[in-house]
Amino acid sequence: MAEFFQYFPNALTVTNLLVLVLGVIGGLLLGATPGLSPTMAVALLVPFTFHMEPATGLILLGAVYTATVAGGAISAILINIPGAPANIATLLDGHSMAQQGHSQKALYFCFISSLVGGLFGMVMMILFTPPLAEVALKFGPPEMFWTALFGITVMAGLSSGSILKGLIGGMFGLLISTIGMSPMLGTERFVFIDVLAGGVAIVPALIGLFAIPQVFSLMEGLGRETNTNVDFKPEKGIVFSTVIENLKMVKTLGIGSVVGSIIGVIPGAGGQVAGLISYDQVRKFHKHPESFGKGNPEGVAAAESANNAMVGPSLIPLLTLSVPGSPTAAVLLGGLLIHGLFPGPDLFRTNAEVTYTFIASLVLAQLAMCVFGLLLSRYSYSVMRVPNLEMIAAVTILAVFGTYSVQNSFDDVIVMFSLGTLMYIGRKVGFSGAPVVLGIILGVIAEDNFLKGKLIADTDVGVFNYFFTGHLNIILIALCLGSLGYSVYSEVKQYKKMKTIKQEAA
Amino acid sequence: MRKDAIVGLVCLVGSVVLYSTLGHIDEPRAVTFPKTIIIIMIILSALLLLQGFIVKSAEKKGPGYPWLRFLILFSLIVAYFAVSESLGFYISAFLFFIAVTYILGKSDLSLKKAGLRALSSAIFTAVLFVLFSVMLEVQTPRGVLF
């Protein structure tokens, strides 16, 4: 905690504050734009940060990450389309409020509740991340190997409808990470064409896997865009009354913040689950549960305080163990790695200045998100009118410039587009980009520790004893199996539910 | 054959082909990790193939796929890549923006819209120039003009 206050002023330099404000405004607008996913927005920004100081670059990514979660509520409230999965619970009451002519009030509730939840989540993160990072000190090669696999099993289970496809995607990502020279031995693998000689870098992979499928999806939607003519009626003089009304909802904000923080720490659970559970709990404890879904502001407060409370804690497993809590956090991990920052205790010791400046900026980003959200809410509906055609051209060009700018290499652009096209086809048959990206990012850690572990094991206790015994190994293996088991259980449950619905319909 | 079964089969064949490409590498330690991953992929693909036969997945019926539009966009992107190093990044980006908005949006293209789209393209390219060449000082291929 002392380090947090020590490095807090670093986040207040003119450059860092300017980047933070631009990131927050950009994040709010990107989050509000239907068709642009927050994950893609952060992925497109990663190359920009490459040319900045590490702390400044991370401040930009953190600000966008924070603001897109809240910004996604704008489209949920105004046009009934959640900007991100985290905002699904928001639309239940938020859109009803908008239909009753209280769009602006609903948006105010959203940003104020997001601030309360977000700050609570950040306090949890500041308190628990450094001690948990110390646990990672005890990790040797086998534990690091299992941790990498745990990250992939979590993402595989929760990012697509099928655990098998999620795992195949994760394995495919691991395989992509082995393209090029073997890190320890210098042997070439899978170099079928010259473009692949240098391997697949993180930035082309991130941009390709998230931006290109989005471009083609936007193309598919041309001509059948949703009518976004919003009946937006600005209400004057309601800011302070709404702030007071919102802050009086102590129980709702408390439930949302606590639920969001707990769910946030569970890798992969994400804001969607946090928002829905919090909404459900607040409704159950409410005097008038029947008012929910019909424009009750407490529904908005419950969902938004929870999904923003999730932001800070979702970074705890990311910063300590490289296990991201959501697809966007996986992209953020890529941003850390391109600046040479590896999750674990070193982040809080050797790179303490950059890390704590980043954490301080996340707190400031929550405040800026609320202030600019309140200020921009009356104009926010205009971003929903950006035509898909312009978006297709702009995203493609940004993807090319962003990819090229990192290594000044056109080969990277070709890799980016090829991976993106392949991912687009993959998405058509049920694959998701998140496990693939995580496989690419964690592949190097997994292979390096697998080989190191095998070398030690061959001269010591043998591979089985080295990788499958010991308390930490057993805990991590159990976590991998638990994550897989839960995913299989959820899939079977969902399948049975669908089958029952079909039988009833027939 | 059901969709998941076909996907499983494609993954299975792909994994076997990838495994065979590692055969010529003499250093066994360099292929231990990728081989392990491919073996896991083969098992998972076989399970997906099996699941495709056992579990009946819901077939979604929607509007037909816009193949022509996909081919046009794909070709425009490839053409954009092909000329960007010779024409320069900024000119090719400007032309690509115009080409996409004119060709894919030709159904509602009026003189006014054509002008607005050209203006959007010019503004977007100018923003890119300021962002990448002025602020971030990225060296982009210069091409014929700048």
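The sequence lines fix the lettering, A, B, ..., with proteins before strands; numbering per chain opens at 1. Just the heavy atoms: all of them, side chains too, but no hydrogens, waters or symmetry mates, feed the values below.
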Select one option (side chain, backbone, both, neither) describing which atoms of B:Ser45 are under 4.5 Å from chain A's heavy atoms. both
Can you name the closest pair of heavy atoms from B:Pro34 and A:Phe190 and give their distance? CB-CE1, 3.9 Å
Report the relative orientation of the aromatic rings in A:Tyr424 and B:Tyr65; use parallel for angles under 30°, tilted for 30 to 60°, perpendicular for over 60°. tilted
At a heavy-atom separation under 4.5 Å, does B:Ile40 approach chain A through its side chain, its backbone, both, or neither? side chain
Applying a strict 4.5 Å limit to non-hydrogen atoms, the region of B:Ile77 in contact with chain A is side chain
Nearest 0.5 Å, please: how far is CG in A:Leu164 from CG in B:Asp4? 8.5 Å
CZ of B:Phe124 to CD of A:Glu390, rounded to nearest 0.5 Å, is 11.0 Å
Sort A:Ile168 into side chain, backbone, both or neither according to what part of it lies under 4.5 angstrom from a heavy atom of chain B. both
Contacting moiety of A:Phe192, where chain B heavy atoms sit under 4.5 Å: side chain
Nearest 0.5 Å please: distance from the OG atom of A:Ser182 over to the CD1 atom of B:Ile25. 9.0 Å
NZ/A:Lys428 to NZ/B:Lys3 distance, rounded to the nearest 0.5 angstrom? 9.0 Å
Is any side-chain heavy atom of A:Val215 less than 4.5 Å from a side-chain heavy atom of B:Leu73? yes
Which portion of B:Thr21 sits near chain A, non-hydrogen atoms under 4.5 angstrom: side chain
Compute the centroid of each ring, for B:Tyr90 and then for A:Phe401, and state whether the two points are separated by less than 6.0 Å. yes
Region of A:Ser405 in contact with chain B, defined by heavy-atom distances below 4.5 Å: both
So how far is it from B:Leu76 CG to A:Met219 CE, rounded to the nearest 0.5 Å? 11.5 Å
Let me know if B:Leu22 has heavy atoms under 4.5 Å from chain A in its side chain, its backbone, both or neither. side chain
B:Phe74 vs A:Thr421 side-chain heavy atoms within contact, under 4.5 Å: yes
Checking B:Leu48 against chain A: side chain, backbone, both or neither under 4.5 Å from a heavy atom? both
Reported CD1-to-OG distance for the pair A:Ile397 and B:Ser84, which is rounded to 0.5 angstrom: 10.5 Å
